[in-house]
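Every value quoted in this text rests on a predicted model; they were computed, and no experiment measured them. Just so we're on the same page: letters track the sequence lines, and every chain starts at 1.
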Amino acid sequence: MAAQLDYLTLKEIFRRFHEVEPEPKGELDHTNAYTLVVAVALSAQATDVGVNKATKALFKIADTPEKMLALGEEGLIEHIKTIGLYRNKAKNVIKLSRILVEQYGGEVPSSRAALQSLPGVGRKTANVVLNMWWGVPAQAVDTHIFRIGNRTGICPGKDVDAVERAIEDNIPAEYQHHAHHWLILHGRYVCKARKPNCPACLIRDLCPFDEKTL
DNA sequence: ATCCCGAGGG
DNA sequence: CCCTCTGGAT
């Protein structure tokens, strides 16, 4: 676990991220708050490319909780069988849809507590929805952010909660809201798990990892 | 700590 | 073959 980078280094790192990509977006396809929740829930331990492939047809016939309930668990499974963990995910999406209809008037709630009470929605998924849909500077720590946070020292921590705190406590306030997407895209395309592409890295000169592996 | 679990890459 | 992918519930 790399040591926490200092404030000025972090400021320079995010200045560069912002310069290259002022408005970073996620890559999970969705058409409304409901399909966003479902897409993020489906994305656990799966690639967004794989999730998008499955939800393309699914969201054409079930882009509301009511329609998802009409489709049913078995019908849903047929659409998401190509995604990992599909049995648990199908059960959760059906249960979650029923709760949205019965307790939230078919709408997606805007509080973390309400989101996290939904089956299949934990802290990470709730934070993604809060950030992307409700504009809250919530920090969802996924596999990429946990890895590169520790590898680079941008936001190190022994578990995801510690990494989330490292982000909130150390990343300059003006970059908090978009930090999630800058970090995840950097982790996905450059600072990859297996073969990090250090020569193509925007912050190579500020990273403690590269010099050890050259 | 363990289970869930298919697709894609190396 | 093995590893990784925007985790969550038990």
When you compare C/dT10 with B/dC5, how far apart are their P atoms, in angstrom units rounded to a whole number? 15 Å
P-based separation of C/dT6 from B/dG10 [nearest Å]: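 Comparing P positions in B/dG10 and C/dT6 gives a spacing of 15 Å.
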Within residues 147-182 of chain A, residues whose heavy atoms come under 4.0 Å of DNA chain B: none
Return the set of residues passing side-chain contact (heavy atoms from CB on, under 4.5 Å) with A/Ala193 (not counting sequence neighbours), or none when no residue passes.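 Result, side-chain contact (heavy atoms from CB on, under 4.5 Å) vs A/Ala193: A/Arg147.
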Expressed as a whole number of angstroms, how long is the span from [X]:[atom1] to [N]:[atom2]?
{"X": "A/His186", "N": "C/dT6", "atom1": "NE2", "atom2": "P", "result": "15 Å"}
{"X": "A/Asn197", "N": "B/dG9", "atom1": "CG", "atom2": "P", "result": "17 Å"}
{"X": "A/Asp48", "N": "C/dG7", "atom1": "CG", "atom2": "C1'", "result": "15 Å"}
{"X": "A/Asn92", "N": "C/dG7", "atom1": "CG", "atom2": "C1'", "result": "11 Å"}
{"X": "A/Arg123", "N": "C/dG8", "atom1": "CZ", "atom2": "C1'", "result": "14 Å"}

For C/dT6, does either OP1 or OP2 sit under 4.0 Å from a side-chain N or O belonging to A/Arg188?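 Yes, such a contact exists.
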Mind checking who shares a hydrophobic cluster with A/Leu8, ILVMFWY linked at side-chain heavy-atom distances under 4.5 Å?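 Its cluster partners, ordered by chain and number, are A/Tyr7.
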May I have all residue pairs that pass salt bridge (charged side-chain N to carboxylate O under 4.0 Å, His left out) and include part of residues 158-174 of chain A, sequence neighbours excluded? A/Lys11-A/Glu174, A/Arg123-A/Glu164
Would you list the pairs meeting salt bridge (charged side-chain N to carboxylate O under 4.0 Å, His left out) in which at least one residue belongs to residues 175-185 of chain A, sequence neighbours left out? none
With rounding to the nearest 0.5 angstrom, report the SG to NZ distance, A/Cys198 to A/Lys192.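 Going from SG on A/Cys198 over to NZ on A/Lys192, the span is 10.5 Å.
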Base, sugar-phosphate alone, or nothing: which one does A/Gly50 contact when heavy atoms must sit under 4.0 Å apart?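 No contact at all - A/Gly50 keeps every heavy atom at 4.0 Å or more from the nucleic acid.
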Considering every strand and a 4.0 Å limit on heavy-atom distances, what is the contact class for A/Leu96: base, sugar-phosphate, or nothing?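 Here A/Leu96 touches no strand at all.
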Take A/Gln116 and A/Val49, find for each the nucleotide of DNA chain C with the closest heavy atom, and name the residue whose nucleotide sits nearer the 5' end.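 The 5'-side residue here is A/Val49.
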Output yes when a side-chain donor or acceptor of A/Gln176 lies under 3.5 Å from a complementary backbone atom of A/Ile167, and no otherwise. yes
Pair A/Asp48 + A/Lys53, salt bridge at N-O below 4.0 Å: no
Taking the basic N atoms (NZ, or NE/NH1/NH2) and the acidic carboxylate oxygens, is any pair closer than 4.0 Å for A/Arg15 and A/Glu12? yes
Got a sec? Which of residues 20-38 of chain A come in under 4.0 Å of DNA chain C, heavy atoms?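 Residues of residues 20-38 of chain A that come under 4.0 Å of DNA chain C are, in numerical order, A/Gly26, A/Glu27, A/Leu28.
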For DNA chain C, find the residues of residues 125-133 of chain A with a heavy-atom distance under 4.0 Å and give them by number; none if there aren't any. A/Thr125, A/Val128
Going by ring pair (Phe, Tyr, Trp, His ring centres under 6.0 Å), name the residues that satisfy it together with A/His178, two or more places apart in sequence or in a different chain.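 A/His178: ring pair (Phe, Tyr, Trp, His ring centres under 6.0 Å) contacts with A/Trp182.
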With sequence neighbours left out, the residues meeting ring pair (Phe, Tyr, Trp, His ring centres under 6.0 Å) with A/His180 are none
With distance as the sole criterion, is a donor-acceptor pair present between the side chains of A/Asn170 and A/Gln4 under 3.5 Å? yes
Among all residues two or more places apart in sequence or in another chain, which pass the side chain to side chain donor-acceptor pair (under 3.5 Å) test with A/Thr9?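 With sequence neighbours excluded, A/Thr9 shows a side chain to side chain donor-acceptor pair (under 3.5 Å) to A/Asp6, given in chain and number order.
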Take nucleotides 1-8 of chain B nucleotide by nucleotide from the 5' end and write B, S or -, depending on whether a protein heavy atom sits under 4.0 Å from the base, only from the sugar-phosphate, or from neither. ---BBBSS
Salt bridge (Lys or Arg N to Asp or Glu O under 4.0 Å) filter on A/Lys95, not counting sequence neighbours, yields none
Are there over 12 heavy-atom neighbours, none belonging to A/Glu107, within less than 6.0 Å of that residue's CD?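 Atom CD in A/Glu107 is not packed in, count stays at 12 or less.
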